[in-house]
**Q** 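Mind looking over this structure? Questions follow.
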Amino acid sequence: MSGSKRTVDAVIVGAGFAGLYQLYRFRELGLTACVFETAPDIGGTWYWNRYPGARCDVESMSYSYSFSPELEQEWTWTEKYPPQPEILRYLNHVADRFELRKDITFSTKVTGAAWDDGTKRWTVTTSGGETVTAQYVVMATGSLSVPKDPEVPGIERFQGKTYRTADWPHEGVNFTGLRVGVIGTGSSGIQTIPIVAGQAADTTVFQRTPNFTLPAGNRPLTDAEIADRKANYREWREAQRRSGFGVPVPLADKSAFEVTEEERNATYQAAWDQGALMPILTAYTDSITTKAANDTAAEFVRGKIREIVEDPEIAEKLCPTTHPIGIKRPCLDTDYYATFNKDNVHLVDLRKTPLAEFTDKGIRTTEREYEFDAIILATGFDAITGALTAIDIRGRDGVRLTDKWSDGPRSYLGLAVAGFPNLFTITGPLSPSVLSNMVVSIEQHVDFVTHAVTYLRDHGYAALDANIQAQDAWVAHVDEVAHYTLYPTADTYYNGANVPGKPRVFLAYAGGVGTYREHCEQVAAKAYEGFDLI
Ligand code: FAD
């Protein structure tokens, strides 16, 4: 394809949940669309993250497309929480069923996109040397698709094997008999550590920030559960769309302090036993808005850690104290805390003895050197903006997106950026994105884009561009909503704190997917209010 030129109606970047659905919807409209994907195959997150224990924290029958009732009926999930291979099989089934592959160019990165105000088209360039002009560009590049390495030097010096959870070998890894170091105790670390520790001769976990995690209680789905959901998918999907996080939960009607401590703990115990994230985080009206209310849930979980972990010193190291519960990405696990009761599992507290460097034999902290046969990096992502700022995107007058966002991302609805006409960002910064069941958010964004494009065509417009006042108002609104909650109080990837030098801006809309959807619906109903139609 090197040097080749093409013209299409739309370029879609990324072939995960978002890119696949956008391609399906554009085809339905009769648009010519092509997809570029860095990976050699479809799946996005679920293509790359194949580490042992990789699993979704949203229940399988909620973490799936709703656009095709036939698809819902013919696909049968097997477990309460779907493991990575099953999600990948599902996405492959979707790609085959709707014949999506023929418009996808794999192993090809989009490197640049430039808008021409004269022709009102984008010119997209790829790592394969191809140039494509298109009226619309949809960035379906993912919120957690740019992995981040540790901030200390020398990884290339290490003579053993290095594995990244976010780019795991397809053939799998056998850690039997090996000394393994794992850096990172976010969701990926928490999922993989118990499994790796079950194989390895010796496992050392390097923890910077202890995380709250609840038992997943994963299990096979029963025939009755599957039949019931299949019979009621429509009502369930509607409830998902109108919910806070894309997962329907009963609405709290009391403050944590309107009940006794006993009642509170009974509620938290029921949530703990249920094996789900939402019940504990949404138990009370003030659970994520008031520190004192949040503390009651946080202390309940810390009590569980102290109960499970036999060595009191290790238990204290594992107890999160620097952020409220649910405010840094909370996790679900299988036997995470109990893993630290094993004699051959060790915990290094990087707050006390920070990482200094990698050596040829392993890892040196400020205290000592640790020797390993293999090191696993579960060190997170340059979240939400990373994949967008990695592309050389130039809007009107050649202005670079990275310059526009040098103090943090600004967007209208998390979907569009003023000065970048017809460029859409699926689950982009300042939309609910990572604060939601992302399949719900993805479908809503793709539907919004599809309707907007239909509107432009039907009304004879070439483009739409967010206007700066509407964008400023949205940025202010997102910030105001975030500050109504405890989210901005912690150092998390939600506000860029995990990436040195990244501007500190709360990157997601915390008002809930239902409220957000209503907002978008009103914008569309008012002839795309806040957008200039060109
Ligand atoms: P992705 O799946 O990230 O796909 C984006 C694709 O774009 C990638 O394949 C990437 O290679 C490609 N791409 C990026 N830039 C370029 C470029 N310049 N050129 C070409 N291709 C490019 N969400 C939940 O709702 N619940 C969960 O429990 C949950 N668990 C998760 C666990 C892990 C380990 C991770 C990493 C994420 C998890 N997520 C979860 C978030 C998950 O990313 C989304 O749910 C969903 O898969 C996102 O789909 P997407 O298509 O938007 O992006």
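Values in this document were obtained by computation on a predicted structure and should not be read as measured data. Counting starts at 1 for both ligands and their atoms, in listed order.
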**Q** Between Trp122 and Tyr136, is the ring centre distance below 6.0 Å?
**A**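 No, the ring centres sit 6.0 Å or more apart.
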
**Q** Where the side chain of Thr125 meets the backbone of Glu130, is there a donor-acceptor pair that is under 3.5 Å apart?
**A**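 No; zero donor-acceptor contacts below 3.5 Å.
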
**Q** Assert yes or no for the condition that the ring centre distance of Tyr65 to Tyr24 is strictly below 6.0 Å.
**A** no

**Q** Would the number of heavy atoms belonging to other residues, nucleotides or ligands and lying under 6.0 Å from CZ of Arg208 be above 12?
**A**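 12 or below, so no.
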
**Q** For a quick test of reading the model, state the closest non-hydrogen atom pair linking Phe106 to Asp41 and the distance between them.
**A**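 It is CE2-C, 3.3 Å.
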
**Q** Output side-chain donor-acceptor pairs under 3.5 Å for residues 383-391, partner residues at least two apart or in another chain, one line each.
**A**
residue: Thr385; atom: OG1; partner: Lys502; partner atom: NZ; Å: 3.0
residue: Thr389; atom: OG1; partner: Thr385; partner atom: O; Å: 3.2
residue: Thr389; atom: OG1; partner: Gly386; partner atom: O; Å: 3.4

**Q** Show the protein residues that qualify under the rule heavy atom under 4.0 Å from an atom of ligand 1, listing them in chain and number order.
**A** Val13, Gly14, Gly16, Phe17, Ala18, Phe36, Glu37, Thr38, Gly44, Thr45, Trp46, Trp48, Asn49, Tyr51, Cys56, Asp57, Val58, Tyr63, Thr108, Lys109, Val110, Ala140, Thr141, Gly142, Leu144, Ser145, Ser188, Arg329, Phe381, Ile391, Ser436, Asn437, Met438, Ile442

